[in-house]
Amino acid sequence: MLVVAPDAVHVWLVRAAVAPDVEALLDDAERDRADRFKFDVTRRLFVAAHGALRLLLGRYLERPPESLRFETEPDGKPTVDGPVQFNLSHSDELAAIAVAGPDRAVGVDVDRRRMPKSRDGIAQRIMTADELACYESLGDEQRGAFVLWVWARKEALVKASGRGVRETLTALACEPTADSPWSVVDLDVPGYAAAVAAAGHDWTAELRAFHG
Ligand SMILES: CC(C)(COP(=O)(O)OP(=O)(O)OC[C@H]1O[C@@H](n2cnc3c(N)ncnc32)[C@H](O)[C@@H]1OP(=O)(O)O)[C@@H](O)C(=O)NCCC(=O)NCCS
């Protein structure tokens, strides 16, 4: 059994290469989605992520993993039929699953560190005026890391609120102020830009490795 304290957010890292065989836990809809991936490597990560999600949430909710039912909020955020909140992100060979108590919405994002192709264009599309000024003050070698850092934090924030693409990113600060309903922290994941966001400011993130 797993318990998440009211002032904690757990973030589980799932590596496709070491995840146990969890495909049997998926329901028909999840298996259909898995089968639509063209590349084996993306399919494997999707299966590992969704199987791990069922195993973990089952432990928090003390229910068999196969019995969990997922629904989707109007803007696309998945929810589970039990008193726990979660969010999922996957990139390359890694998935992250954030779990919090029933009153704390969460969002998580992991992105493989790769140099974005149109770095300046992305900066203009996602940054506030202050963030853009900071970006432009940086040297060439620091700009890529800054874009990825801002990107991961904003993705985590929009996923916590569940608004997804409806959020105007140039109006959303990647460092929410004390009066914001949200806060966000960076996650130390080598090779990835990663962040978790959640409702309120009275929580800390605990990073954990999922082994099965
Ligand atoms: C879905 C979205 C929220 C995240 O997608 P992504 O970064 O491509 O992918 P991630 O791996 O981080 O997250 C995907 C998972 O988030 C979850 N998800 C889907 N819609 C969501 C939503 N509206 N809110 C929160 N979580 C969502 C799902 O579990 C999904 O996994 P699944 O497809 O395996 O079920 C994205 O499409 C989006 O709207 N992004 C924000 C807008 C933007 O332009 N961002 C640019 C960078 S700041």
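Counting starts at 1 for both ligands and their atoms, in listed order. All heavy atoms count here, side chains included; hydrogens, waters and symmetry mates do not.
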Exercise for review: Check Asp75 against ligand 1 and report side chain, backbone, both or neither, counting heavy atoms closer than 4.0 Å.
Suggested key: backbone
Check your understanding: What about Met127 and Trp149, same hydrophobic cluster or not, with Ile/Leu/Val/Met/Phe/Trp/Tyr joined at side-chain heavy-atom distances under 4.5 Å?
Key -> yes
Review point. Can Arg153 and Glu175 be counted as an ion pair, charged N to O under 4.0 angstrom?
Key: yes
Check your understanding: Which residue holds the protein heavy atom closest to atom 44 (O) of ligand 1, what is that atom called, and what is the gap in Å?
Key -> Leu169 CD1, 3.6 Å
**Study point:** Partner residues of Arg33 under the salt bridge (Lys or Arg N to Asp or Glu O under 4.0 Å) criterion, sequence neighbours left out
**Key:** none
Point to revise | Lys/Arg N to Asp/Glu carboxylate O, Arg69 vs Asp27, below 4.0 Å | key: no
Check your understanding: Looking only at atom types and distance, does a side-chain atom of Lys154 sit under 3.5 Å from a main-chain N or O of Cys174, one as donor and one as acceptor?
Key -> no
Practice item. Would you indicate whether Asp202, at its atom CG, is surrounded by more than 12 heavy atoms from other residues, nucleotides or ligands within a distance under 6.0 Å? Key: yes
Review point. Do Val9 and Val4 come within less than 4.5 Å of each other through their side chains, counting heavy atoms only?
Key: no
Check your understanding: Should the ring pair His90 and His50 be called parallel, tilted or perpendicular, given that the plane angle runs from 0 to 90° and is split at 30 and 60?
Key -> tilted
Practice item. Among all protein heavy atoms, pick the one closest to atom 12 (O) of ligand 1 and tell me residue, atom and distance. Key: Ser89 OG, 2.7 Å
**Study point:** Which residue and heavy atom of the protein sit nearest atom 11 (O) of ligand 1, plus the separation
**Key:** His90 N, 2.8 Å
Practice item. Identify, by atom number and element, the atoms of ligand 1 in contact range of Val158, meaning under 4.0 Å from any of its heavy atoms. Key: 41 (C)
Review point. What residue and heavy atom of the protein are closest to atom 26 (N) of ligand 1, and at what distance?
Key: Asn87 ND2, 3.0 Å
**Study point:** Closest approach of any protein heavy atom to atom 39 (O) of ligand 1, naming residue and atom
**Key:** Val165 N, 3.0 Å
Practice item. Considering the heavy atoms of Phe46, write down every atom of ligand 1 situated less than 4.0 Å from one of them. Key: 34 (O)
Practice item. Not counting sequence neighbours, which residues clear side-chain hydrogen bond (donor to acceptor under 3.5 Å, both in side chains) with Asp140? List them please. Key: Arg119
Practice item. Among Ile97, Leu94, Leu187, find the residue that satisfies the side chain to side chain contact (heavy atoms under 4.5 Å, CB included) test when tested with Leu13. Key: Leu94
**Study point:** Polar side chain donor-acceptor pair, Asp179 to Thr177, under 3.5 angstrom
**Key:** yes
Practice item. Answer yes if a protein heavy atom lies under 4.0 Å from atom 1 (C) of ligand 1, otherwise answer no. Key: no
Exercise for review: Report the nearest protein non-hydrogen atom to atom 19 (C) of ligand 1: residue, atom name, distance rounded to 0.1 Å.
Suggested key: Gly76 O, 3.5 Å
Revision key, fill the gap. Near Asp109 (heavy-atom distance under 4.0 Å), the atoms of ligand 1 are 7 (O), 12 (O)
Revision key, fill the gap. Closest to atom 27 (C) of ligand 1 by heavy-atom distance, out of Ala49, Pro78, Ala96, Pro74, is Pro78
Study note, to complete from the structure: of all protein heavy atoms, closest to atom 15 (C) of ligand 1 is Leu88 O, 3.2 Å
Review point. Applying a strict 4.0 Å limit to heavy atoms, is Glu73 in contact with ligand 1?
Key: no
Exercise for review: Would you kindly specify which portion of Val150 sits under 4.0 Å from ligand 1, judged on non-hydrogen atoms: side chain, backbone, both or neither?
Suggested key: neither
Exercise for review: Measure from atom 8 (O) of ligand 1 to the protein's non-hydrogen atoms and state whether any distance is below 4.0 Å.
Suggested key: no
Check your understanding: Can you find a protein heavy atom under 4.0 Å from atom 37 (O) of ligand 1?
Key -> no
Revision key, fill the gap. Of Glu155, Lys77, Lys159, the residue with the heavy atom nearest atom 41 (C) of ligand 1 is Glu155
Review point. Should the ring pair Tyr60 and His10 be called parallel, tilted or perpendicular, given that the plane angle runs from 0 to 90° and is split at 30 and 60?
Key: tilted
Study note, to complete from the structure: atom 35 (O) of ligand 1 sits nearest the protein heavy atom Arg33 NH1, 3.1 Å
